[in-house]
Amino acid sequence: MTTILSRREAMKVGAAFVLGFYLPGHGQEPISRNSEVFKPNAWVRITRDNKISVLTEIPELGQGTRTANVMMLADELEVEWSQIQWEQAPTIPAIYKHLATGGSGGTRATWLPMRQAGAQVREMLLTAAAQQWGVERNDCKAENGAVLHTPTQRRLLYGELAESASTIPAVKLDQVPLKGPKDFRFIGKPAGRVDTPGKVDGTAIFGIDVRVPGMLFAVIARCPHFGGKLISCDDSRRESGLRRSPHRFYARNGRQFERCGRHRGRGDLHLGCIAGPKCPQDRLGQGAWRARDHRRLTRATPGKGSRSGHRRFRRSRQCYPGSGRRGKEN
Amino acid sequence: MSYSASRIPCTSEDPPCIFTGPPCIEMAHVVCGAELGVEGPGMAHFVLQVNGRERAVDAAPEMPLLWALRDLLNMTGTKYGCGIGMCGACTVHLDGQAVRSCQTTVNAVASRKVTTIEGLSSDGSHPVQRAWIAEQVPQCGYCQSGQIMQAAALITKTPHPTREQINQAMTGNICRCATYQRIRRAIERAAQESV
């Protein structure tokens, strides 16, 4: 049994926090909200007026994974770099398998899926064009956001093909032909980050910026006195409209502050506490709560794992200023 | 150690604030419901001049401008970093001066003109913003709103800053990704191009 959280475990925890990390395209209405749009698979959106959008799964934390993902898909889809937009894929884990990031695995994990997604759509568009012209599919070629009939030099933009392509059955993702490295146009070549514009004009949405309907802003109430303990909890403000939705709230700071036992399991907002002797209603005692609360933060379900390990982990963190590790408890 | 100097103690009286001691350094946000923008005693009506528009907010007078912008006006481009004026992520302009919005109360703002990253230009065309893209400055991007606002104030005041002046002006803006070299290059570029 491990006694402290491994880096990788910590990464998993981190990943859970960043699921909502959503950076919309540079002030543009996401294409996928438009109903007049060709949705060949979960990752590509094409409108009639030839706007092409990629839904990328890996949240961008600054490592450029999103840009890499757009490159991978754009390369296989055969579009112009300037033509392609991006959006963050919605949080639907049943469809999108790579909604978390961490452990330097984002680009690696999406290397095949993103390319296959692009290639799948390219194949559908090629078939649609060949059917429309009544020509051999092998004479058609995808390039720069259009299908070209090589013998006659006829061209159809992807947007023009979008409607008819939506009736073409998709080739299975693991059976689509992929490009070889020598044909890569974007992969391996320098490109500006696709998310930079949003980061210089304030439109990029970070985790802390996410707003959902009825959202509650929680404040951690911490003991103002060094080494103080909880003696009572005041939930009267709950009635004054402070709390608007049922969120579990933990007010904790090492041993300075404990969650009030009275609210255990009720999911009440716990805001008012004063310094003094230990809360008489906290029957479990501080150490137990410390371990339990930490487990709740690190795992979705309590009850598993090493309590002493978590305690030790807590202890290891209590060297920070103000975290209030004092005395010999635990 | 006097770490409470930069903190705004909660003064709510009804219900009385439960925090009576010196504010703790870890109370990075606000401590009392009155400061959250919920209805209650101690609230006041303010009309802020934000990005050229009049925006009305009901807030406790001691509410930091940062939270009025983010939580009440829903302008999330300005970021919360440390809450104690140490990192610069929350930098906005007050009458053209770069200030830390986490250390500026709505009461203190009064009728002065607030400019946030959203209002620096309507289309991202401010010389500093353009230079930021040209130099591909942001990595994670979290501090960059504050960096850009600080840099824009510098360029306005000193159109051709020396390297030393850039270092001096930007020293209070921290970037955890350490994009400092690119930030400096971008400011130099912006200074050249905004001639």
Side-chain angles (χ1 to χ4, degrees), chain A residues 21 23 26-27 60-64 67 190-193 195-211 215-226 228 232-234 236-238 240-244 253-254 256-257 269 271-275 320-324, chain B residues 1 3 15 17-40 67 70-71 74-80 116-126 128-134 136-142 144-145 147-148 176-177 179 186:
Chain A
F21 197 98
L23 294 161
H26 185 201
E60 173 64 69
L61 292 189
Q63 282 72 25
T67 306
R193 286 169 182 252
D195 48 326
T196 298
K199 287 175 179 177
V200 304
D201 66 8
T203 55
I205 301 294
F206 292 76
I208 196 172
D209 304 327
V210 173
R211 298 286 184 270
M215 185 163 156
L216 180 77
F217 291 99
V219 176
I220 299 174
R222 294 185 200 275
C223 180
H225 301 291
F226 213 64
S232 70
C233 304
D234 171 21
S236 59
R237 301 240 201 113
R238 204 156 54 87
S240 70
L242 180 63
R243 179 173 160 279
R244 295 195 183 111
N253 180 16
Q256 287 182 16
F257 222 66
L269 179 71
L271 193 68
C273 291
I274 56 173
Y320 296 111
S323 63
Chain B
M1 190 166 80
Y3 48 68
C17 184
I18 43 171
F19 297 102
T20 51
C24 168
I25 195 160
E26 290 197 16
M27 284 191 288
H29 198 297
V30 287
V31 292
C32 158
E35 290 180 45
L36 268 177
V38 294
E39 287 163 36
W67 300 109
R70 287 186 56 87
D71 290 355
N74 222 12
M75 300 170 73
T76 57
T78 306
K79 296 295 186 252
Y80 159 63
T116 69
I117 186 75
E118 290 95 339
L120 193 58
S121 68
S122 57
D123 51 359
S125 62
H126 189 280
V128 173
Q129 287 172 312
R130 280 190 281 122
W132 241 249
I133 291 177
Q136 289 283 302
V137 174
Q139 191 173 318
C140 90
Y142 195 80
Q144 299 294 345
S145 300
Q147 303 276 7
I148 289 169
R176 181 83 203 269
C177 305
T179 58

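Every chain is numbered from 1, with letters handed out A, B, ... down the list of sequences. Below, each value reflects all heavy atoms present in this structure, side chains not excepted, and no hydrogens, waters or symmetry copies.
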Student: Below 4.5 Å from any heavy atom of chain A, which atoms of B:I148 appear? Answer side chain, backbone, both or neither.
Tutor: side chain
Student: How close do A:K199 and B:G141 get, heavy atom to heavy atom, and via which atoms?
Tutor: CD-CA, 3.8 Å
Student: Enter the distance from B:M75:CE to A:D209:CG here, rounded to the nearest 0.5 Å.
Tutor: 12.5 Å
Student: Please report the closest heavy-atom contact between A:V200 and B:P138, naming both atoms and the distance.
Tutor: CG1-CG, 4.1 Å
Student: Can you check whether A:T196's main-chain N or O pairs, donor with acceptor, with B:Q136's side chain at less than 3.5 Å?
Tutor: no
Student: For residues A:G202 and B:S145, report the shortest heavy-atom separation together with the two atoms involved.
Tutor: CA-OG, 4.5 Å
Student: How far does CD of B:Q129 sit from CG of A:D201, to the nearest 0.5 angstrom?
Tutor: 6.5 Å
Student: State the CD-CD distance between A:E60 and B:Q139, to the nearest 0.5 angstrom.
Tutor: 8.5 Å
